Every structure is written in structure tokens, then in C-alpha cells.
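A short write-up of the structure that comes next.
On a predicted model such as this, the values are computed, not experimentally measured, just so you know.
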Amino acid sequence: MDTFLIPMTDGNDLSTTLVSEKDDIDLSFNLLFRDAAGDKVVGFDTEYSLEPKFSRDLNAHVVEKRIALVKLCTKYRCILFRLDRDNVDYVHLLKKLSALLANKDIVFVGVRKRDDLVKLRNEYGLEISNLVELSELVVSLRGEPALGTYGARDLASYLEVLRHLEPRNSILSLINWLDNSLNRQQVMCAVIDTYAAYKIGKKLLDDRPRKLDDLRLTREQMLVISLL
């Protein structure tokens, strides 16, 4: 288990763990459940990797994007789960992750995550029972449609929950997130967006908790998304 202490711009040193093995999986989920029991809010984000695949329709090899990393952040820690189908503990990870994401007592918060929800269901059979789409919530609360186009870093800066954030580097889209040799800088870049989602969610939900039910994505809404 690779663990880093990542400093955030709000002064919080975030314990960050890359997880793929069974013992690490169980410990990480226990820590997340403990954190969520008191806070109820967990930041949610993903990272994509490029995967070569043979297309029968094209009769050629193509490269497609798939979710390789699920990132969950609380006030105290960020856990990065590798969705590696070749890992011997892959099935165990999906089982534990499915149980966590289905917990209706936890509010998962993310920025522009609708497409991710569809991919998680289609590629891994994972569903989030209680997710608040922050890009929609901030537009509802602030009345500024342009805010719905902001990424997590820009939105966190706008709301002043995190300051002095550098723009997300486009090179991150080329990283193989299943690689065991990820360095501290790569991990930090992955963590910032997820922690930003957590901080945005805490602020917006604390400001207007009565709006929460209106912004939750129901199973019916998610089904409509998947059919688009």
C-alpha cells in the first residue's frame, strides 16, 4: 500500500493511499466508513486511462478511454482505488466499492460527473445511490449558468474554498493510472480535484441543505442519462 501525505492549499495535510490489494482494500473502506459516519459527505472523482482494444466492427485495434481510478476524499484522507481487471483482488474491490457507493447515508459529491456515472455502471456494474452533482447545485444556488461549465479547481477557487490552485495539466490524460510506479506529483494532481469536490460540496450543502433533495440524481434520472 502506497501512502502519501499531500498538503492542500487550505493547510490540510491529506493522507492519501493508492489501493489495489485485499488487506489494503478492507482497511481503506473501514477508514472511509469511519470518516463518513461523522461527516456524511465524500468527494467523488475518477481518472481515465487509454486502453488498446480490438474492434470487430473496424477490424482494427483502437484505443478507448475507460475509468481506471475511483477517487474518494473525506476531510482527513483520499483513497485512490485502481480498477485493474488483471489484479487478483479485483472482484473483492468491486464488491466493497459497490457496497460503499450504494450507502444512502453517505452523500457523494462531484463536479460534472454524469458521464462517469454511466461509465461506472456500464463498465463495472457500479452505481452511486446518493450523489449530488455540484455543477448543477451551484447554478441553482448562485443563478449563474456559466458556473455549470467550471471544473472542480476553477469552482473551488471561485467559491474560495481552496486558493492558489494550478490549472489541471493536460498530460494527466496520458498517464496509466494502473501503473504501480505512480509518483508523488501524479498522485497530488489526482487528489486535488477530488478534495476540491469535497470542499465545494461541504460549502454548498452547508449553505443550502434544503436544496439537497432537488439535486440528487435518482435512479430514473441516471437511466435517462444512460439512454442519451
Side-chain angles (χ1 to χ4, degrees), residues 6 8 10 12 14-19 24-47 67 69-83 92-121 123-138 140-141 152 155-156 159 161-162 190-223 225-226:
I6 305 295
M8 296 290 103
D10 62 350
N12 188 17
L14 205 63
S15 176
T16 301
T17 305
L18 276 162
V19 172
D24 302 339
I25 292 169
D26 293 340
L27 174 61
S28 297
F29 278 107
N30 289 339
L31 292 172
L32 281 173
F33 271 114
R34 187 182 69 184
D35 291 350
D39 199 353
K40 304 298 185 185
V41 175
V42 173
F44 163 76
D45 197 15
T46 62
E47 294 289 351
I67 294 175
L69 208 64
V70 169
K71 306 179 295 181
L72 300 176
C73 264
T74 67
K75 179 179 180 180
Y76 305 104
R77 75 193 78 253
C78 191
I79 310 292
L80 312 181
F81 297 100
R82 290 189 178 103
L83 300 182
H92 181 70
L93 170 60
L94 286 190
K95 181 179 178 180
K96 300 288 284 189
L97 195 54
S98 177
L100 178 67
L101 298 179
N103 191 318
K104 295 182 180 180
D105 293 327
I106 300 173
V107 181
F108 294 93
V109 293
V111 178
R112 300 171 66 185
K113 294 292 103 183
R114 284 181 176 269
D115 289 345
D116 287 357
L117 296 182
V118 175
K119 283 186 172 292
L120 279 176
R121 180 197 291 118
E123 295 176 5
Y124 301 103
L126 296 173
E127 296 193 55
I128 302 180
S129 295
N130 188 6
L131 183 130
V132 173
E133 176 50 72
L134 297 173
S135 59
E136 297 175 11
L137 179 56
V138 72
S140 173
L141 296 178
L155 192 54
L159 295 172
V161 294
L162 289 175
V191 167
I192 288 172
D193 297 288
T194 320
Y195 186 65
Y198 167 78
K199 294 285 288 188
I200 294 165
K202 285 294 291 180
K203 177 174 177 57
L204 294 181
L205 296 178
D206 287 347
D207 286 350
R208 293 290 297 276
R210 66 178 178 276
K211 287 285 187 178
L212 180 57
D213 289 336
D214 297 335
L215 275 296
R216 285 175 174 154
L217 297 185
T218 65
R219 287 180 180 271
E220 291 75 15
Q221 288 174 310
M222 292 168 65
L223 177 59
I225 295 169
S226 67

(message) Show, in sequence, the C-alpha distance, side-chain angles and deciding distance for R114 and E136, and conclude whether the side-chain contact (heavy atoms from CB on, under 4.5 Å) test is met.
(response) CA-CA 11 Å; R114 284 181 176 269; E136 297 175 11; 2.6 Å; yes
(message) Rounded to the nearest 0.5 Å, what separates atom CG in L18 from atom CD1 in I79?
(response) 9.5 Å
(request) Of all the heavy-atom pairs spanning A197 and G110, show the shortest one and how long it is. (result) CB-CA, 4.3 Å
(message) How close do A190 and E47 get, counting heavy atoms only, and between which atoms?
(response) CA-OE2, 3.8 Å
Counting only pairs under 3.5 Å, give me each side-chain donor-acceptor contact of residues 29-41, with atom names and distances, residues two or more places apart or in other chains.
unit_1: N30; atom_1: ND2; unit_2: D26; atom_2: O; d: 3.2
unit_1: D35; atom_1: OD2; unit_2: T74; atom_2: OG1; d: 2.8
unit_1: D35; atom_1: OD2; unit_2: R77; atom_2: NE; d: 2.7
unit_1: D39; atom_1: OD1; unit_2: K202; atom_2: NZ; d: 2.7
unit_1: D39; atom_1: OD2; unit_2: Y198; atom_2: OH; d: 2.5

(message) Working to the nearest 0.5 angstrom, can you tell me the gap between L97 CG and L120 CG?
(response) 8.0 Å
(request) Supply the atom-to-atom distance I106 CD1 to I128 CD1, rounded to the nearest 0.5 angstrom. (result) 11.0 Å
(message) Do Y124 and L83 make a side-chain contact, defined as non-hydrogen atoms from C-beta onward lying under 4.5 Å apart?
(response) yes
(request) State the CE-CG distance between M8 and L14, to the nearest 0.5 angstrom. (result) 5.5 Å
(request) Report yes if some heavy atom in the side chain of V109 is under 4.5 Å from a heavy atom in the side chain of L137; otherwise report no. (result) no
(request) With L126 as reference, evaluate L101, L100, I67 under the side-chain contact (heavy atoms from CB on, under 4.5 Å) test and give the passing residue. (result) L101
(message) Walk me through whether L131 and F44 qualify under side-chain contact (heavy atoms from CB on, under 4.5 Å).
(response) CA-CA 9 Å; L131 183 130; F44 163 76; 3.7 Å; yes
(message) Any non-hydrogen side-chain atom of V138 less than 4.5 Å from a side-chain atom of I200?
(response) no
(request) Show your working on side-chain contact (heavy atoms from CB on, under 4.5 Å) between L134 and V132 and close with a plain yes or no. (result) CA-CA 6 Å; L134 297 173; V132 173; 4.2 Å; yes
(request) Consider only side-chain N and O atoms of D10 and Y195, and report whether a donor and an acceptor are under 3.5 Å apart. (result) yes
(request) Can you measure from CG (L72) to CG (L80) and round to the nearest 0.5 angstrom? (result) 9.0 Å
(request) Kindly say whether K113 contributes a backbone atom to a donor-acceptor pair with the side chain of E133 at under 3.5 angstrom? (result) yes
(message) Quick one, K199 and K75 - any side-chain contact, counting heavy atoms below 4.5 Å?
(response) no
(message) Are H92 and I25 packed together at the side-chain level, in the sense that at least one heavy-atom pair is separated by less than 4.5 angstrom?
(response) yes
(request) For the residue pair I192 and T194, establish whether any side-chain heavy-atom pair is separated by less than 4.5 Å. (result) no
(request) Hey, could you give me the CG/CG distance between L204 and L155, rounded to the nearest 0.5 Å? (result) 7.0 Å
